[in-house]
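These notes concern the structure reproduced below.
Remember, predicted model here, so these are calculated numbers, not experimental data.
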Amino acid sequence: MLYFTRWKALAIILTALIVCLCAVPNFFPQERVKTWPLWAQRHIVLGLDLQGGSYLLLEVDSNYVKKEKLDQVRDEIRRVLRDAKIGYTGLAVRADAVEVRVKESDLQAALPKVRELSQPLGGLLGSSGQRSLEVSDAGGGLIRLAVPQAAITDRIRQTIEQSIQIVERRVNQLGTVEPVIQRQGTDRILVQVPGLQDPTRLKDLLGKTAKMEFRMVDPTVSPEQAQGGRVPADSEVLMSASSPKVPYVIKRQVLVSGGDLTDAQPGFDQRTNEPIVSFRFNTSGARKFAQATTENVGQPFAIVLDNEVISAPVIREPITGGSGQISGSFTVQAANDLAILLRAGALPAPLTVIEERTVGPGLGQDSIEKGELAAYVGSIMVIVFMLVTYRLFGVFANIAVAINVAMIFGILSLLNATLTLPGIAGIVLTVGIAVDSNVLIYERIREELRGGRNAISAIDAGFRRALSTILDSNITTFIAAAVLFYIGTGPVRGFAVTLGIGIITTVFTAFTLTSLIVAGWVRWKRPKTVPI
């Protein structure tokens with residue numbers, strides 16, 4: 001264990017030095033670090049509990065998910081019965097089921113067609129193998145299709161998974177570093193954004209479904225007549241997004257949906273210098289938009305976002321280029337937020353903020369100072385203990401521990417990992433684990449000396465025979481840290497990250513750096529006794 005070739009020693013020293021240098025950017029102001037080369041700018045990201053930020057707990061609207069599924073079933077029944085040329089009446093959603101009435105003479109032909117809709121959940125809704133619909137004959141030609149709770153639960157799970165992806169895209173557009181976005185329970189999403197002190201904008205971005213539609217304005221009825229009750233069957237009254245609210249009569253038919261958008265960017269109108277949002281369609285959307293604008297030149301069309309009209313311009317000429325712009329008396333931030341929403345896509349269901357917290361930077365700074373104080377006090381006590389107990393070898397152990405901690409910060413910087421308050425606790429714990437490895441080695445050396453070995457032989461045997469014990473203890477601790485990381489959430493994962501990295505650096509320093517330092521001392525002094 002004490003024999004090191006020149007190249008092996010050089011490799012160990014360079015490895016430790018390079019990793020330790022990665023921690024250097026954390027000790028300089030970030031304004032200065034940003035002027036350095038990109039490869040040198042990697043630093044540790046402080047978590048929400050250290051630098052402050054916004055915390056939101058979002059809940060998916062399960063009633064919306066259920067209603068959407070029932071409406072989908074109703075539309076599918078209409079399509080199936082029409083394709084089969086079976087007459088029906090009373091097609092409607094009632095409670096948690098869809099009901100339709102057919103002639104009793106057509107019942108035997110209608111039931112098989114309707115049951116085709118009851119595919120296993122492995123189709124649209126999941127992989128549980130259950131039926132997505134429960135079809136029953138209620139008598140008198142009435143067919144009832146109920147959606148079981150298992151199907152709703154599976155649909156909510158899918159909605160949460162889709163929503164997490166869209167929330168991630170929206171939050172990332174804010175330019176924040178290391179946001180935490182994860183599922184919590186069956187129908188909730190946890191969002192933590194370190195460094196964002198104003199949760200209002202975050203709530204505005206995440207609270208909007210961002211379902212955009214391009215529809216025609218109905219010119220046959222004035223908004224006043226429509227509000228008086230004269231609304232055509234194929235139209236509806238929608239209010240403007242701006243204040244004061246202005247009513248519009250909008251046709252229900254969707255010409256182009258927001259799902260056909262490929263890009264949206266904020267900008268300024270060259271003529272009026274007002275903020276706008278430029279958008280671009282995919283091939284299918286561009287074709288539909290060109291056809292709609294060609295057929296309706298001179299007519300107003302509405303851009304509808306979440307059932308609010310944000311703009312209703314008149315089509316002056318066919319728009320065939322697959323792109324356009326939205327204007328609506330936007331502020332610069334409103335235009336930027338709308339572009340973010342359109343780029344990220346629409347949420348599959350509305351999300352409601354049920355819990356909101358803002359951690360101020362002052363509280364985070366207080367946590368940092370207390371964490372640093374705990375780390376300093378703990379480290380000083382460990383250093384004093386090692387010096388008093390093992391004298392010169394205690395100095396060697398303290399040097400290795402200092403390099404160990406520097407390597408932890410270096411690896412965290414390389415990974416751009418997030419450091420939380422529990423993470424600081426993990427680093428302090430690592431200091432104790434690191435000296436524990438040295439204690440095992442040194443106590444083994446003492447045993448070898450009491451057994452009659454000479455100084456060099458005892459030192460070599462102490463390092464070699466303590467190896468298996470130290471590996472066993474560190475491997476089991478690393479397994480526990482890995483389990484905490486994969487199963488735990490939030491603060492638990494922050495603790496697991498620093499603990500796991502600390503165990504790796506501890507094994508490295510205990511069996512390379514400490515033995516390298518001791519080997520250098522042995523070659524230099526050629527001791528007859530061991531000062532331990």
Problem - More than 12 heavy atoms from other groups under 6.0 Å of CZ on Arg316 - result: no
Problem - Arg169, CZ: over 12 other non-hydrogen atoms inside 6.0 angstrom - result: yes
Problem - Test item: Val304 and Val254 side chains (from C-beta on) under 4.5 Å apart, heavy atoms - result: no
Practice task
Using a strict 4.0 Å threshold on nitrogen-to-oxygen distance, state whether Arg79 and Asp75 make a salt bridge.
Solution key: no
Fill in the blank from the handout: Sequence neighbours excluded, the answer for side chain to side chain contact (heavy atoms under 4.5 Å, CB included) partners of Gln291 is Glu295
Handout entry: Distance-only side-chain donor-acceptor flag, Asn282 / Ser284, under 3.5 Å
Key = no
Problem - Crowding at CD, Gln299 (>12 non-hydrogen neighbours, <6.0 Å) - result: yes
Practice task
Report yes or no: does Arg343 contribute a side-chain atom to a donor-acceptor pair with the main-chain N or O of Ala264 at less than 3.5 Å?
Solution key: yes
Handout entry: Donor-acceptor side-chain pairing of Gln325 and Asp269 below 3.5 angstrom
Key = yes
Problem - Identified side chain to side chain contact (heavy atoms under 4.5 Å, CB included) partner of Arg188 from the options Leu58, Val60, Ile354 - result: Ile354
Problem - Value rounded to 0.5 Å, distance of OG1 in Thr262 from CZ in Arg280 - result: 4.5 Å
Problem - More than 12 heavy atoms from other groups under 6.0 Å of CD on Gln225 - result: yes
Practice task
Would you mind checking if Asp106 and Lys103 are paired as a salt bridge, meaning a charged N to carboxylate O distance below 4.0 Å?
Solution key: no
Handout entry: Whether over 12 other heavy atoms sit under 6.0 Å from Lys85 NZ
Key = no
Fill in the blank from the handout: d(Ser62 OG, Lys67 NZ) to nearest 0.5 Å is 14.0 Å
Problem - Tyr55 atom OH, neighbour heavy-atom count above 12 within 6.0 Å - result: yes
Handout entry: Sub-6.0 Å ring centroid separation between Phe281 and Phe214
Key = yes
Practice task
For the pair Glu236 and Lys251, find out whether any cationic side-chain nitrogen is under 4.0 Å from an anionic carboxylate oxygen.
Solution key: no
Problem - Note: Lys288-Asp260 ion pair, threshold 4.0 Å (strictly below) - result: yes
Handout entry: Any donor-acceptor pair under 3.5 Å from Thr293 side chain to Pro318 backbone
Key = no
